[in-house]
2 protein chains.
Amino acid sequence: MTNLPVWERPEPPARPTPTPLSRELIVRAAVALADRDGLGAVSLRKVGSALDAGPMRLYGYVASKEELLDLMIDEVYGEVAPEEDPTDGVDWRGSVRRLSLGLRAAARRHEWFVDLLGSRPHLNGPHSLAYLNRTLAAMDAAPGLDDMVAVLTAARTVDAYVVGAIRSEITEARTVRATGTDVEEWQRSAAGHLGRMTADGRFPMLKRMINEPSPELDPEVAFTLGLDCVLDGIAVRLPTTPALRWALDGA
Amino acid sequence: MTNLPVWERPEPPARPTPTPLSRELIVRAAVALADRDGLGAVSLRKVGSALDAGPMRLYGYVASKEELLDLMIDEVYGEVAPEEDPTDGVDWRGSVRRLSLGLRAAARRHEWFVDLLGSRPHLNGPHSLAYLNRTLAAMDAAPGLDDMVAVLTAARTVDAYVVGAIRSEITEARTVRATGTDVEEWQRSAAGHLGRMTADGRFPMLKRMINEPSPELDPEVAFTLGLDCVLDGIAVRLPTTPALRWALDGA
DNA sequence: GTATAGCGCGATACGGTGTATTGAACAATA
DNA sequence: TATTGTTCAATACACCGTATCGCGCTATAC
C-alpha cells in the first residue's frame, strides 16, 4: 500500500488505552536498550515489553525492524549539532571538523551506532539529510571547490574517512573492554599472540611495531590528525583537477 | 580450556568416516553460501548441510559462529595480493594504491565482506596480518614518515578511508540493486523523496544537488580519487609535524 | 439506548537462529 | 574380549522476526 518511507508516513493516532505510544517513544526505548546492552539486545519483544506492550503492537508504528533501525540511526544524527553554526560558510575546515567530531561524539555515546554506520543508505531521515546538507554547505565554502562534482567528491571522501575512523576507534575500544579493561594486560596478550605470529620472521614491520612501542595517542587527537590529513589532501588535490576532467575520465 | 585464537589452535584430525572435514572446507562452504545468498544466509545449519554434516559437527572445528566469521574475513584478506610485489619499498604510493584497490576488488567479489569490515578486530588472522604488514612497509618507504608513530598514523588514516569508502560504495550498489536495477528509476524515486523533503527550502545544498545533476563517476575512479586525496594529505601534513609533538599533545 | 460495524491489539504460531546437553556408535587400548 | 574414551548426530532450549487470527473495545447508525 504505502511505499512511503517512514518519515513521510503518518503516525497512527495516540490512544490512551493501555499506554500512550508513539514512534518517538519506541525509538527512545530502543536507543536506551541498545545503549545499555548493545544492538543485539534490541528485539521487538524487548522494546515492546519496555513500553508495556506486546511485540506486535509496534508494527502499527513501524513496518519492520529495519525501519526501527533506520529511525534509530536518524535519532543519533539528530544529536549532531542541531543548532545553527554562525561560522558556517566562512570557515569550511572548522565546520567540517565540528560536524565530524560531533558525529564521532554521538557514536561514542551510542556505541551500537557504528554497527549500522555505513551499512544502509543513511540519506533518508530528516536529521541525516540535515547533516549531509551541512557537510555539503561547508565544502561549498572551500576555495577551489567550484562545482557540484567537486563538492560531492570532497564530501564523500571526508565521509568515508569519518565512517572508517569512527568504526575503527569504537571497535578497538570495545575489544579492549571485552578482553579485559586493563590496557597493559591487553598489550601483553596482544604481544603474546602477535609475538608468536611474528616469531618466524614474517611480518617484519609488525615485529618493529611491537619492539618499538609507540606512545598511545589520545583517540580524539588521532581522529583529528587523520581528518586534517584528508582535508589537506582535498585542499591540495581537488582544485588542481578540473571537475570535467574527472567526469570525462570516468565516462 | 584453550584460550588460543583459532589460527593457533590445532585442528582436529581429518576422519574419513562420513565425510572428510576441515576448517578450510567449512570456511569455503560458508564463503560460497555468503557469496550466493548474503551473510544472513550463513547459519551453522546451512553450512553444515552443505557439507553433509549436522550443525553440531562444526563445533569440533570452530568454537562459535563468531570464529567462523573471523575465518571468513581472513580468507578474503588472503585473496588480496598474495604474491610479492617487486616495487614494494620504492613506490610507496603505488604500493598503497595496489593494496587498497586489491581490498576493494575482494570486497566487490564478496559483498558480505563489508558488513564485517571494520566491525571486529581484524588484526588476528595471518592473512590480515600480512596485509597490515605490507601496508606498514609501504608507508615506511614514504619520505618524511621516519618513525613508527608517523607510519602507524598514516596507515590508520588510509585504512579508515579505505574501509569507509568500500562500505559506502558497496552499500550504494546494493541499494541501487534492491530498489530496482534501473539507475534512472532510482534517480527518479530519489528525486521524489528528496524532492518532497527539500520542497520547503530547508536543505538548499540538497536541492542544488538534485537540480544540478552531476555526471556519475566510475566507482573505481571515485575510489582512487579519494584515496589520492588522502595520500596527498599524508604527504603534505605528516612530515611537517614532528611525531613527538603529537605524542606530547596527546598526553 | 441499543445494535452493529470496524479496528486496534494481544495471543498464538511458524520457521528460523546459536548452542548446551545427551546418548549412541565407533576406535583404540588393556 | 572387555573397557574406555572420543566423535558426532539428535534432541532441546531460549530467542528471534513476523503472519495470522480472534477477542474486546470504540464509535457510529438507527
Side-chain angles (χ1 to χ4, degrees), chain A residues 1-3 6 9-23 25-27 29-30 33-34 36-73 112 115-116 119-120 178, chain B residues 1-3 6 9-23 25-27 29-30 33-34 36-73 112 115-116 119-120 178:
Chain A
M1 226 276 277
T2 78
N3 275 338
V6 212
R9 207 174 331 126
E11 193 167 9
R15 319 183 90 244
T17 340
T19 301
L21 218 56
S22 69
R23 255 175 224 155
L25 279 174
I26 293 174
V27 172
L33 241 137
R36 177 160 48 257
D37 300 323
L39 196 60
V42 174
S43 72
L44 296 182
R45 284 170 169 83
K46 288 190 191 137
V47 172
S49 83
L51 297 165
D52 285 324
M56 297 317 287
R57 190 161 166 219
L58 306 184
Y59 278 87
Y61 301 84
V62 155
S64 68
K65 188 183 182 183
E66 292 231 323
E67 265 194 15
L68 176 58
L69 296 179
D70 286 337
L71 289 169
M72 292 171 68
I73 293 179
W112 49 270
D115 299 326
L116 268 19
S119 72
R120 63 188 61 236
Chain B
M1 225 279 275
T2 79
N3 275 337
V6 212
R9 203 165 344 117
E11 192 166 10
R15 321 182 89 247
T17 340
T19 300
L21 218 55
S22 70
R23 254 175 224 155
L25 278 174
I26 293 173
V27 172
L33 241 135
R36 176 161 48 258
D37 300 322
L39 196 60
V42 174
S43 73
L44 296 181
R45 283 170 170 83
K46 288 191 192 136
V47 173
S49 82
L51 297 165
D52 285 324
M56 297 316 288
R57 186 152 171 229
L58 306 184
Y59 278 87
Y61 300 84
V62 154
S64 68
K65 189 185 180 181
E66 292 230 325
E67 264 194 17
L68 176 58
L69 295 179
D70 286 338
L71 289 168
M72 291 171 69
I73 293 179
W112 49 269
D115 299 325
L116 269 19
S119 73
R120 61 187 62 236

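Chain letters run A, B, ... following the sequence lines, proteins first, then strands; residues in each count from 1.
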Partner of A/L69 under side chain to side chain contact (heavy atoms under 4.5 Å, CB included), chosen from A/D115, A/V27, A/L39: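 Among the candidates, only A/L39 passes.
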Taking CD from A/E66 and C1' from D/dC16, how many angstroms apart are they, rounded to a whole number?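 Spelled out: CD on A/E66 to C1' on D/dC16 is 14 Å.
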Please answer whether the main-chain N or O of B/P55 pairs with a side-chain N or O of B/R45 as donor and acceptor at a distance below 3.5 Å.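 Not a single qualifying donor-acceptor pair exists.
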Rounded interatomic separation in angstrom, taking OH from B/Y61 and C1' from C/dG18: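 Distance, rounded to whole Å: 20 Å.
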If I compare all heavy atoms of A/L44 with all of A/L58, which pair ends up nearest, and what's the gap?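 For A/L44 and A/L58, the tightest heavy-atom pair comes out as O-CD1, 3.5 Å.
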Side chain of A/R45 - closest among C/dT19, D/dC8, D/dT18: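 Taking heavy atoms from C-beta onward, the closest nucleotide is D/dT18.
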Of all the nucleotides listed (D/dC16, D/dA10, D/dC8), which has the minimum atom distance to the side chain of B/M56?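 Taking heavy atoms from C-beta onward, the closest nucleotide is D/dA10.
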Value in whole Å for how far the P atom of C/dC14 lies from CG of A/L44: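 In whole Å, C/dC14 P and A/L44 CG are 20 Å from each other.
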Heavy-atom nearest nucleotide on DNA chain D for B/A53 versus A/Y59: which residue maps closer to 5'?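 First, find each residue's nearest nucleotide; the 5'-ward one identifies B/A53.
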Reckon A/V42 touches a base, only the sugar-phosphate, or nothing at all at heavy-atom distances under 4.0 Å?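 The residue A/V42 makes sugar-phosphate contact but no base contact.
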Is a side-chain donor or acceptor of B/S49 paired with a backbone partner of B/D52 at a separation under 3.5 angstrom?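 Such a contact is absent between B/S49 side chain and B/D52 backbone.
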In this structure, how many angstroms lie between the P atom of C/dG23 and the CZ atom of B/R57, rounded?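 So the CZ-P distance, B/R57 to C/dG23, works out to 22 Å.
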Euclidean distance, atom CG of residue B/L68 to atom P of C/dT19 [Å, nearest integer]: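 One finds 10 Å between P of C/dT19 and CG of B/L68, rounded.
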Separation of D/dT7 C1' from B/L58 CG (nearest whole Å):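 Nearest whole value for this atom pair: 13 Å.
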Can you tell me how far P of C/dG18 sits from CG of B/L69, to the nearest Å?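 Distance check: B/L69 CG to C/dG18 P gives 9 Å.
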Check this one for me: any side-chain N or O of B/K46 less than 4.0 Å away from OP1 or OP2 of C/dG16?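 False: B/K46 side-chain N/O out of range (4.0 Å or more) of C/dG16 OP1/OP2.
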Let me know the distance between CG of A/D37 and P of D/dC16, rounded to the nearest Å.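 Rounded to whole Å, this separation is 12 Å.
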